[in-house]
Structure formats: C-alpha cells, structure tokens
Protein chains: 2
Amino acid sequence: MENETRQEEIIRVAAKLFKEKGYSAVTMRDLATTMNMKAASLYNHISSKQEILEKIIMRIARKFSVGMTAVKSSNDSCIVKLKKIIALHVEVSSQNIYGMAALNHDWMHLEAQLGPYKKLRSDYENDFKEILKEGIAAGEISPIKPDVMMFSILTTLRSLYLWIPKKEVIHLEELTNNLSKILINGIIKEN
Amino acid sequence: MENETRQEEIIRVAAKLFKEKGYSAVTMRDLATTMNMKAASLYNHISSKQEILEKIIMRIARKFSVGMTAVKSSNDSCIVKLKKIIALHVEVSSQNIYGMAALNHDWMHLEAQLGPYKKLRSDYENDFKEILKEGIAAGEISPIKPDVMMFSILTTLRSLYLWIPKKEVIHLEELTNNLSKILINGIIKEN
DNA sequence: GTCTATACCACGATAGAC
DNA sequence: GTCTATCGTGGTATAGAC
C-alpha cells in the first residue's frame with residue numbers, strides 16, 4: 001500500500017467498513033475515526049460519501065466488464081469460456097474482498113451512477129447467458145434452463161468475497177480448479 | 001393476508017422495504033408512510049425498529065433449523081438429504097422473499113439477538129457440512145473439499161430470494177428439480 | 001491538510017390530546 | 001389507535017483559523 005494517495009486510502013478503509021455494516025450504517029465520523037482524523041478533514045480528499053461509494057463500485061464493475069469482453073472475443077469452447085469466467089471472479093474477488101460487498105449489496109444507494117451500474121450488470125448477465133446458450137446448442141452443456149444455470153453459477157461466484165478471506169492460506173489456483181469442478185461437473189461421484 | 005394483526009402487517013411491509021434499501025436506510029417515517037400512518041403510531045404495535053428486525057430474521061432462521069433437524073434425523077442417503085435441503089430452501093425462500101434479504105444482509109444489525117442468530121447459522125452450516133462429509137465417506141459424493149462444496153451450494157440456495165420473484169409463473173417443483181440437477185450433477189452434458 | 005465550530009436536517013422514540 | 005408536537009441525538013457537509 002505504498003505510494004497510496006490519501007484519497008485511495010480513504011476509499012480502501014471505507015470499503016472495509018461498508019462490508020462490515022453496509023453503506024448506510026457507516027457514518028463519516030466512523031470513517032474518520034478509523035482514519036485517525038476528524039470527519040471534516042475527509043472532505044479535503046473526497047467531495048461526498050456518495051463519491052466514495054461510486055468509486056468503490058464502478059471500479060470493480062468495469063473490471064468485470066473488461067474481463068467478460070476478453071472472454072467473449074476468444075475462440076474457446078463454452079466450457080473453457082466458463083472456466084475463464086470462474087477464474088475472473090476468483091481474481092477480482094480476491095483483489096477486492098471489501099469492495100465486492102458494496103458491489104453486491106449497496107449498489108441501490110448509488111445516485112448519479114445507478115443507471116450506468118445497472119447497464120454494466122445487465123450486459124454482463126446477458127453475455128453470460130449467451131455463452132450458456134451456445135454451450136447448449138453445441139451439445140457441450142446440459143439442456144437445462146439457462147436462466148437457472150446462470151443464477152446458480154453467478155450467485156456462487158458473486159458470493160466468493162464472503163468466503164475467500166476465511167481460508168487460512170489462499171490457494172487461489174486450487175480454489176479456481178475446485179470451483180470449476182463443482183460448478184461444471186457437480187458434486188456427484190461418477191463411477 | 002386476512003386476519004393479519006396490525007403488528008404482522010407492519011413486519012411484512014417493513015421486510016419489503018428492508019429488501020429494497022436495507023435495514024439502516026429504511027426510516028420509521030418511510031415505514032409509516034407506506035402504512036399510511038404517522039411514525040408515532042407505529043409504536044402502538046411494536047416497541048422499536050430493532051424489534052421488527054428481530055422478528056423478521058429469527059422467525060425464518062428457526063424455520064431453517066427445524067427443517068435441517070428433520071433432514072438430519074431421516075435415514076435417507078446423503079444425496080436425498082441434499083435434495084431435501086434444496087427443497088427446504090426453495091420452500092422457505094418462496095414464502096419469505098422479503099424477509100430472506102434481511103436474514104442474509106441485515107443480521108449484523110441485530111443487537112440482543114445477534115448471538116442466538118449466529119448460533120443457529122453456525123449449527124446449520126455444520127450440519128450441512130457433516131452431510132457432505134458422510135456422502136464422501138459413503139462414496140456418493142466426489143472427494144472435493146467439503147468446505148468449497150458447501151459454500152458453492154449454500155450461497156446459491158441463500159440467494160434464491162433474489163431470483164424467485166423474477167419468474168413470471170413460479171413452478172416451485174420444477175425449480176427444485178432443476179436446481180437439484182445443476183447443483184448435484186453439474187451443467188456438463190454427459191455422453 | 002487538519003482542526004474547531006457549527007449549520008441544517010433527519011433520525012428513533014415519547015408525551016399527551018382526542 | 002392515531003394524531004400533533006417535540007425531545008435528544010447524531011447525520012452530511014461547510015466555514016474559516018492555524
């Protein structure tokens with residue numbers, strides 16, 4: 001965290017507090033206390049509480065969009081594309097375990113950026129579903145409702161931030177492999 | 001909703017608001033406006049905002065505990081036990097789509113009931129993991145880390161409330177069957 | 001860049017008339 | 001059982017000294 005600007009530090013600490021109590025329950029006084037400052041001093045670095053939320057959420061949302069674009073444009077099979085999406089979520093979640101909480105649960109408190117956020121999320125879900133549909137058409141994936149499949153896989157991936165920090169030592173590659181097996185092959189033992 | 005007491009009505013409406021904005025962001029004035037009352041009048045039916053949260057969360061948490069106890073004490077195979085747990089989540093979630101949001105995201109704002117809630121949740125997760133471990137020992141389930149399996153399945157089940165209301169017509173039995181296939185057999189097509 | 005002081009407003013909750 | 005009025009607290013944010 002060297003060479004981190006004071007604004008970046010505030011945003012990082014705020015994300016941690018938002019994960020613990022949610023955006024609405026965290027006050028500027030809470031944030032200031034954690035930063036060893038007075039609340040008024042925060043405003044030399046950020047213009048509002050809302051701005052902090054916007055930076056936390058939109059930064060991560062854009063990473064997912066960029067990642068999905070890369071996966072879409074590849075020539076991989078659908079199963080490989082899915083594995084790449086799983087790896088994308090493990091990577092982004094592990095690098096933003098606090099911010100992911102705000103992305104998942106505090107997006108409704110966005111004001112000016114609410115529309116742009118919703119657009120990114122809905123585009124992401126459509127791309128995801130499209131990959132599943134292609135997989136079904138190509139005979140790679142079981143012909144179960146793509147909606148239910150996407151919901152099942154994506155909610156697991158979106159909740160990774162709750163769970164990654166609990167691992168003592170985080171073997172991200174191992175986690176990615178285990179998740180791929182479970183989400184793609186299921187948990188039943190094949191004989 | 002006939003024969004519903006005024007207190008039950010307040011709790012039901014509050015759960016809906018909590019799902020939309022989170023416990024902290026919903027004010028007693030918001031709740032009163034939605035109920036076509038003044039905020040002060042709410043206090044003739046409930047003693048505090050905190051009491052509303054407690055009733056919403058603890059009621060549902062106890063349903064899951066009761067359901068898990070029934071599954072545990074059966075003589076079913078582990079796979080059948082898992083299917084029963086999936087059905088339990090579909091049932092409880094569909095009957096409490098608003099309350100599930102508070103259960104998942106506002107439990108940290110519990111005060112006196114925080115400890116009891118955490119105990120119920122942790123017991124539930126331990127029972128769930130135990131069933132997976134038995135399944136592995138019995139050769140029914142793939143020998144992947146039970147932690148990762150439980151995380152993957154349980155986060156999907158815990159997020160059902162986000163998704164059930166989006167279905168135009170809810171065929172709960174079909175949803176249960178599709179989810180069982182996806183979570184247990186995976187999405188890959190077997191040839 | 002941080003501080004003290006404070007403006008202004010909304011919060012949960014209570015008192016007491018009707 | 002609902003209302004008006006209000007209490008005490010604490011919210012975001014600004015002004016201006018240092």
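Because the structure is a prediction, the values reported are computed rather than measured. Convention: sequence-line order gives letters A, B, ...; per-chain numbering from 1.
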A:E111 atom CD is separated from D:dA13 atom C1', nearest whole Å, by 14 Å

Over how many whole Å does the gap from A:N36 atom CG to C:dG1 atom C1' extend?
15 Å

Counting side-chain heavy atoms from C-beta on, which of C:dG12, C:dC3, D:dA13 comes nearest to A:M28?
D:dA13

In Å and rounded to the nearest 0.5 Å, what is the CD1 to CG distance from A:I85 to A:L154?
8.5 Å

Taken to the nearest 0.5 Å, the spacing of A:N126 CG from A:K133 NZ works out to 8.0 Å

Ignoring backbone atoms, test whether A:R29 places a side-chain nitrogen or oxygen under 4.0 Å from the OP1 or OP2 oxygen of D:dG11.
yes

Any pair counted as salt bridge (Lys or Arg N to Asp or Glu O under 4.0 Å), so long as it reaches residues 22-34 of chain B, sequence neighbours left out:
B:K21-B:D30

I need the CG-P distance between A:L42 and D:dT14, as an integer number of Å.
12 Å

Please tell me if the side chains of B:Y161 and B:S94 come closer than 4.5 Å, counting only heavy atoms from C-beta onward.
no

Check this one for me: any side-chain N or O of B:S41 less than 4.0 Å away from OP1 or OP2 of D:dG1?
no

Here the distance between atom C1' of C:dG1 and atom CD of A:Q7, to the nearest Å, is 14 Å

Measure from CG on A:L31 to P on D:dA13 and round the result to the nearest Å.
12 Å

Taken to the nearest 0.5 Å, the spacing of B:L160 CG from A:F151 CZ works out to 4.5 Å

Please state how far atom CD1 in A:I10 lies from atom P in D:dA13, giving the value in whole angstrom units.
13 Å

Side chain of A:A40: nearest nucleotide among C:dA15, D:dA15, D:dT12?
D:dA15

Using whole Å, report how far OH of B:Y43 lies from P of D:dA5.
19 Å

Is B:K38 close enough to D:dC3 that one of its side-chain N or O atoms is under 4.0 Å from OP1 or OP2 there?
no

Protein-nucleotide distance (B:E51, atom CD; C:dA13, atom P), rounded to Å
10 Å

Look at the side chain of B:H45 and decide which nucleotide, out of D:dG1, C:dT4, D:dC3, has an atom nearest to it.
D:dG1

Proximity to the side chain of A:K49 - top-ranked nucleotide from D:dT12, C:dG1, C:dG12:
D:dT12

